[in-house]
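One structure is given below, encoded as structure tokens.
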Amino acid sequence: MIILNSTDVITKILTLNNFNNFDIKVGNYKNSKCDYQSSGLTTIYIMDKHNAGDAYSIRTAAHEASHALNYRDGMTNHRLLLALQKCYCVSSILALVVIICTIGIKLLFNIQLPKSIPNLVIIIFILIMIIFQSYLTLDEAKTEKRGLKELQNIWREFQSLIDYREVDKISKKTLRLDIYVTSVGAILFFLILSISVLWIINVLVL
């Protein structure tokens with residue numbers, strides 16, 4: 001019996017789009033992802049459980065291959081996405097350090113630092129978080145939609161091996177739940193957390 005694996009789907013999609021400088025690694029990774037390099041070897045990492053012939057694995061393969069294509073074609077600015085991710089990480093660490101220092105100095109030494117310092121840092125973190133999550137969501141949504149399009153392009157050749165209807169159903173569910181709902185949930189969570197911290201700092205501590 002012929003089984004179409006994720007690696008076959010990725011190879012077919014990328015080669016059809018004249019994307020030849022890539023490598024696929026299958027292993028015990030935490031998640032499947034695309035490590036895109038504009039002037040080097042792009043590596044696509046596939047989890048062991050995603051290197052199969054089931055609909056979810058096929059959808060994942062098309063999604064990761066589409067990341068590489070979208071980054072190359074400028075559908076998503078890969079450099080901007082990485083820069084926003086770094087800013088998000090740095091601002092979250094900075095906000096945490098400032099909050100701990102502000103509260104710690106007040107409780108241990110009874111010294112009140114200007115409220116403007118933690119307030120400004122937290123507001124900056126909120127803005128960066130919203131921008132990063134929004135751009136990331138847009139990237140994932142574009143990639144998911146292109147993944148379906150690329151599967152349609154190869155479906156006739158592999159129609160006996162790909163249950164396109166099942167892949168389409170999983171993809172639409174992924175868009176609704178894994179991408180849109182998760183992103184909105186993350187933004188709301190950090191927004192509520194940040195506002196709560198601001199309230200604690202301004203009302204209860206300082």
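- In this structure, Y88 and F125 have parallel ring planes: the angle between them is below the 30° cut-off, well short of the 60° mark.
- Contact between I13 and A65 at its shortest, heavy atoms only, is CG2-CB, 4.0 Å.
- Heavy-atom minimum distance, A61 versus S6: CB-O, 3.5 Å.
- Of the inter-residue distances, the one linking I46 atom CD1 with I24 atom CD1 reads 7.5 Å to the nearest 0.5 angstrom.
- Summarising the geometry of A62 relative to L151, their closest heavy-atom pair is CB-CG, 3.6 Å, with the distance given to 0.1 Å.
- The CG atom of L96 sits 11.5 Å away from the OG atom of S91 when rounded to the nearest 0.5 Å.
- R59 and E144 are joined by a salt bridge, as a carboxylate oxygen and a charged side-chain nitrogen come within less than 4.0 angstrom of each other.
- Taking all atoms of both residues into account, the shortest heavy-atom contact from C34 to E64 is N-OE1, 3.2 Å.
- Scanning all heavy atoms of the two residues, the minimum distance from A52 to I58 falls at O-CD1, 4.1 Å.
- Atom OH of Y36 is separated from atom CD1 of I44 by 11.5 Å, given to the nearest 0.5 angstrom.
- Under 4.0 Å is where a charged nitrogen must lie from a carboxylate oxygen, and between D73 and R146 at least one such pair does.
- Enclosure of atom CG in N28 is not indicated, since only 12 or fewer non-hydrogen atoms of other residues, nucleotides or ligands lie within 6.0 angstrom.
- A donor-acceptor pair under 3.5 Å is absent between the side-chain atoms of T11 and the main chain of D8, judged by distance alone.
- Annotation for L84 and I128: closest pair O-CG2, 4.4 Å, computed over non-hydrogen atoms.
- Taking NE2 from H63 and CG from L148, the interatomic distance works out to 11.0 Å, rounded to the nearest 0.5 Å.
- In the hydrophobic clustering of ILVMFWY residues, with side-chain heavy atoms under 4.5 Å counting as a link, V97 and I99 come out apart.
- Under the 30°/60° scheme for interplanar angles, the aromatic rings of F19 and F22 are found to be tilted.
- When hydrophobic clusters are built by joining Ile, Leu, Val, Met, Phe, Trp and Tyr residues whose side-chain heavy atoms come closer than 4.5 Å, directly or via intermediates, L16 is grouped together with V9.
- The backbone N or O of D48 sits nowhere less than 3.5 Å from a side-chain atom of N51 that would complete a donor-acceptor pair.
- From K25, atom NZ reaches atom CG of D35 across 9.0 Å, with rounding to the nearest 0.5 Å.
- To the nearest 0.5 Å, atom CD1 of residue I10 and atom OG of residue S32 are 8.0 Å apart.
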query: So M47 and T60, side chain to side chain contact (heavy atoms under 4.5 Å, CB included) or not? Walk me through it.
result: CA-CA 10 Å; M47 298 170 63; T60 300; over 6 Å; no
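- Under a 3.5 Å cut-off, the side chain of K142 and the backbone N or O of N70 do not form any donor-acceptor pair.
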message: N153 vs E150, test: side chain to side chain contact (heavy atoms under 4.5 Å, CB included). Steps then yes/no.
response: CA-CA 5 Å; N153 293 337; E150 295 299 334; 3.6 Å; yes
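- Using a 4.5 Å cut-off between side-chain heavy atoms of Ile, Leu, Val, Met, Phe, Trp and Tyr, with links allowed through other members, V90 and Y135 fall into different hydrophobic clusters.
- Under the 3.5 Å distance criterion, the side-chain polar atoms of N21 are matched with a main-chain donor or acceptor of G40.
- One hydrophobic cluster, built from ILVMFWY side chains closer than 4.5 Å, cannot hold both L127 and I117; they sit in different ones.
- Applying the side chain to side chain contact (heavy atoms under 4.5 Å, CB included) test between Y71 and each of T143, T42, D139 identifies D139 as the sole match.
- Residue I131 is grouped with residue L81 when hydrophobic side chains (ILVMFWY) are merged at heavy-atom distances under 4.5 angstrom, including chains of intermediate members.
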